[in-house]
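Shown next, in structure tokens, is the structure this report addresses.
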Amino acid sequence: MTDTFQTEDLVRYATGLHKAGKHEAAETLYRQVLARDPGRGDAAHLLGMLLAQTGRLKEAEAHIRQALTRFDTMADLHASLGLVLADLERLEDAAASWRRALALAAPGTPWVADVAARLAAVPVVTTATMPKGDAVALLALARQRLRLDDLGGAEALCREALAEDGTYADAWNMLGVLALQTRDEAAIDHFAAAVRHAPQVLAHHSNHAAALYQLGRPADAAEVINNALTVIGACASLLAQLGDARFAQGDSFAAAAAYRLALEYLARERAGGADPGVDAPRVQGNLARALCACGLARDAVAVARARAEAAPGVDAWRDLAIALVAAHDPDAALAPILRAVEAAPERADLRVTAAAACIDASRVDEAAVHVATALELDPQSPEAHANRGFLALRRGDPVAAESCFRTALANHPPTRDANVAVLHQGLGMALLQQGDVLGGAPHFAWRRHVPGMTQGLADVPLWNGVVSPGAHLVITASRGHGDVMHFIRYARPLRRAGMRVVFRGMDILLDLLAASDLVEDVGTLRDPLPSPRPGHHWTQADCMDLLSLAGTGLGWAADTVPYLAPPADAVARWAGVLDSLPPVRVALSWAGSTLFPYHRHRAPRLAPLLPLLTDPRLAGRVGWVSVQTDDGRRDLETVDLPLAVREDFLDMGDGLRSFADTAAVLAQVDVVITLDTAVAHLAGGLGRPLWLMLDTGSEWRWLTRPADSPWYPTATLFRQARPGDWPGVVASLADTLAAHVGMAPPAMA
């Protein structure tokens with residue numbers, strides 16, 4: 001039964017059972033919620049309270065502490081932990097938890113007064129901390145030896161001090177500092193001893209976490225910091241360290257939350273005259289990077305810009321440029337990154353960022369110079385090799401691009417972060433563009449780890465690609481109308497194999513997909529899934545992931561066309577709308593979504609198409625049908641051609657409310673001329689004659705074939721001979737269309 005519930009419903013139901021005293025049933029549901037969605041902090045908190053209420057205090061403590069490793073800034077959890085510890089008669093630990101809870105609590109939180117009263121009632125315990133014997137003098141001598149770079153002598157004196165007093169925390173701390181300089185893992189145990197013997201000293205916790213972080217154990221570092229925040233209370237330096245640890249773990253949302261809190265506490269501490277131990281620009285830079293990794297590039301730009309204005313410098317300009325590139329504003333990114341390059345021309349990382357901005361701004365030659373310089377400065381730079389790969393793709397050389405991405409991956413540390421995802425995605429595009437679908441698709445599937453790419457349905461597990469009768473699959477999509485229309489064709493063979501297949505995605509596609517009978521059911525990502533059959537549950541796959549999960553080569557694709565069909569009501573609504581036009585009807589689209597970074601170099605816009613619209617060989621014989629929507633329609637107002645009064649030109653963009661409408665119109669035309677956008681995939685999926693205008697370095701799916709596509713057998717490709725050569729593409733289109741309507745092109749002079 002519960003498989004049909006959304007997570008929110010389960011939490012609400014479990015809370016009702018909890019309040020009604022049905023603890024066993026509530027506990028089962030809380031655990032089910034956390035198994036399906038580990039990010040539900042409310043469920044983690046409620047389960048901890050239930051465990052405490054049913055007398056399982058040790059289990060409650062363990063559960064809440066485990067929850068705090070993920071939800072370390074959740075005030076309710078810290079308050080509840082304090083109650084559990086108080087019931088366990090560990091008042092000092094309870095007081096530390098309550099101090100942390102009060103520090104994190106939002107204004108107006110109902111339990112604040114009660115927790116403050118409990119904290120005030122805890123007796124203050126003091127302990128003598130004066131080191132024994134000659135330990136202090138020996139440690140002072142050790143510090144002198146360290147200042148003289150005599151590490152061996154300093155270590156020997158530290159050990160003598162500890163021989164005098166094995167509880168001397170400062171000596172353990174210094175021994176850890178010495179070990180960490182040589183990356184000796186013993187540093188971790190030394191700092192742990194310092195924390196054990198002086199838990200109220202911030203530096204000991206901070207050093208312990210830093211050692212774990214530097215030695216490649218960020219999860220352990222985060223746990224140490226959480227314990228420190230519980231014992232000492234919130235402070236800017238610890239929160240900044242927590243952000244670093246979470247970011248290294250790949251949890252960019254938790255990192256961003258920690259960095260934001262660090263900035264809040266930093267401002268408070270400075271206002272109170274204290275030294276926060278961390279500077280705001282560094283935290284702002286890290287916050288901007290975390291926000292980019294979360295896919296929140298616009299927020300990152302605001303943070304990075306504030307930093308660059310308050311503390312201008314090379315790193316601030318670089319981070320601002322990175323955020324602007326992530327926000328698809330490469331033109332704005334050029335000024336700060338070129339300023340940074342001018343100030344520090346010897347830094348390869350600045351050249352890498354400059355190259356990325358130039359690539360996205362279509363300044364390919366400048367990008368090549370920055371990439372070459374970056375590789376001279378750092379021949380092993382994976383980022384520079386990756387940029388060389390993206391340049392090769394832009395220049396239509398996927399073989400060279402493949403080599404560059406393989407080198408980049410070989411030089412990159414073996415992690416699973418967003419940078420590696422980009423490298424794999426680039427390698428996948430290079431292989432796919434060569435027609436190697438089986439080899440390229442698994443690399444391209446790494447795109448799901450790129451910032452901004454989220455799972456369609458948070459509480460539905462991913463499909464493993466195993467096709468079995470009765471298996472339940474929901475194909476999801478949150479962006480890319482053309483991607484859906486390209487890959488939804490996989491639904492039909494999966495259904496023929498006996499699977500249940502439904503679609504959840506953009507509402508503008510639903511009528512078209514329903515009429516095409518590709519899936520059993522359609523809906524948006526907010527709509528509930530059909531009830532699963534007994535013994536089954538729903539799994540999901542993003543529409544683009546079907547390319548790798550299906551494991552098919554190119555040969556089968558052409559046999560699937562046509563697989564899209566306009567709905568009957570749309571056909572009836574648009575019937576006869578083109579009757580007034582000349583006999584050969586040509587649909588036109590010249591611009592795609594501006595949300596994608598490559599929109600400028602893939603889109604000719606309308607002005608370069610004017611020679612086609614005014615070609616005398618086509619006058620009176622061709623009727624032009626504009627199916628252009630969105631931003632591209634502005635061009636109708638700006639071009640120097642009175643299209644609105646021409647009897648052979650029909651602008652239909654205002655009336656096209658969904659792709660069902662566009663499909664009904666395309667079904668009535670003789671040719672569809674468009675760029676690489678959703679209209680191209682719609683025309684191809686409908687099996688309509690498609691003449692596709694492609695820029696140099698066009699998307700991988702159009703391969704490198706001169707004029708045909710294995711995806712769409714009705715397509716003819718018109719490629720630029722060189723970057724920006726839309727006039728050459730339009731001239732070729734005009735000649736081909738003239739021949740199509742029965743008039744030969746003019747003789748060569």
Side-chain angles (χ1 to χ4, degrees), residues 574 577-594 599-656 661-662 665-680 682-684 688-695 698 707 714-721 724-747:
W574 294 99
V577 71
L578 309 183
D579 288 353
S580 63
L581 292 174
V584 178
R585 284 79 184 256
V586 178
L588 279 179
S589 175
W590 53 82
S593 171
T594 59
H599 74 90
R600 288 179 301 179
H601 56 80
R602 72 165 175 172
R605 307 296 297 206
L606 179 56
L609 298 182
L610 296 185
L612 181 65
L613 295 171
T614 56
D615 192 311
R617 298 172 294 174
L618 310 177
R621 301 178 63 84
V622 173
W624 305 101
V625 184
S626 170
V627 293
Q628 179 64 54
T629 59
D630 300 328
D631 180 75
R633 299 199 71 248
R634 293 186 298 108
D635 296 359
L636 293 168
E637 308 295 328
T638 58
V639 296
D640 188 20
L641 188 67
L643 294 171
V645 300
R646 282 180 48 162
E647 294 182 356
D648 64 346
F649 188 90
L650 186 59
D651 174 21
M652 307 192 69
D654 266 346
L656 302 176
D661 292 324
T662 308
V665 172
L666 297 187
Q668 302 179 59
V669 303
D670 299 282
V671 175
V672 179
I673 297 178
T674 183
L675 72 153
D676 175 15
T677 188
V679 172
L682 177 58
R688 306 304 300 155
L690 167 63
W691 294 4
L692 187 60
M693 301 178 285
L694 294 176
D695 60 297
S698 56
T714 60
T716 304
L717 313 184
F718 293 81
R719 297 182 183 273
Q720 289 181 346
D725 182 29
W726 292 120
V729 169
V730 171
S732 182
L733 282 168
D735 289 345
T736 306
L737 188 55
H740 184 75
V741 300
M743 296 183 64

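Here the structure is a predicted model, which means the values were calculated and not measured.
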Partner of Val669 under side chain to side chain contact (heavy atoms under 4.5 Å, CB included), chosen from Val586, Leu588, Leu578: Leu578
Heavy atoms only: give me the nearest [X]-[Y] pair and the separation to one decimal.
X	Y	result
Leu581	Val625	CD1-CG2, 3.5 Å
Leu733	Leu612	C-CD1, 4.2 Å
Ala591	Gly632	CB-CA, 3.8 Å
Gly655	Trp574	O-CZ2, 3.4 Å
Thr629	Gly653	CG2-O, 3.8 Å
Pro583	Gly620	CD-O, 4.2 Å

Test log, rule side chain to side chain contact (heavy atoms under 4.5 Å, CB included), inputs Val639 and Arg605: CA-CA 10 Å; Val639 296; Arg605 307 296 297 206; over 6 Å; no
Please confirm whether the backbone N or O of [Y] pairs with a side-chain atom of [X], one donor and one acceptor, at under 3.5 Å?
X	Y	value
Asp635	Leu606	yes
Arg617	Ala738	no
Thr714	Arg688	yes
Gln720	Val729	no

What distance separates [X] [atom1] from [Y] [atom2], expressed to the nearest 0.5 Å?
X	Y	atom1	atom2	value
Leu690	Thr716	CG	OG1	7.5 Å
Thr677	Gln628	OG1	CD	7.5 Å
Asp695	Trp726	CG	CH2	5.0 Å
Leu610	Leu643	CG	CG	7.0 Å
Ile673	Leu609	CD1	CG	8.0 Å
Leu682	Leu666	CG	CG	5.0 Å

By salt bridge (Lys or Arg N to Asp or Glu O under 4.0 Å) - contacts of Asp725 (at least two apart):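 If we apply the salt bridge (Lys or Arg N to Asp or Glu O under 4.0 Å) test to Asp725, skipping adjacent residues, the hits are Arg722.
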Salt bridge present between Arg646 and Asp651 (N-O < 4.0 angstrom):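 Result for this pair is no, no salt bridge flagged.
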Whether His740 and Trp691 hold their rings parallel, tilted or perpendicular, with breakpoints at 30° and 60°: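 If you compare the ring of His740 with that of Trp691, the planes turn out perpendicular.
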Residue pairs fulfilling salt bridge (charged side-chain N to carboxylate O under 4.0 Å, His left out) with at least one residue in residues 578-588, sequence neighbours excluded: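 Checked against salt bridge (charged side-chain N to carboxylate O under 4.0 Å, His left out) - neighbours excluded - no pair reaches residues 578-588.
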Stepwise side chain to side chain contact (heavy atoms under 4.5 Å, CB included) test for Val622 and Asp648: CA-CA 7 Å; Val622 173; Asp648 64 346; over 6 Å; no
Counterpart residues, ring pair (Phe, Tyr, Trp, His ring centres under 6.0 Å), relative to Phe649 (two or more places apart): none
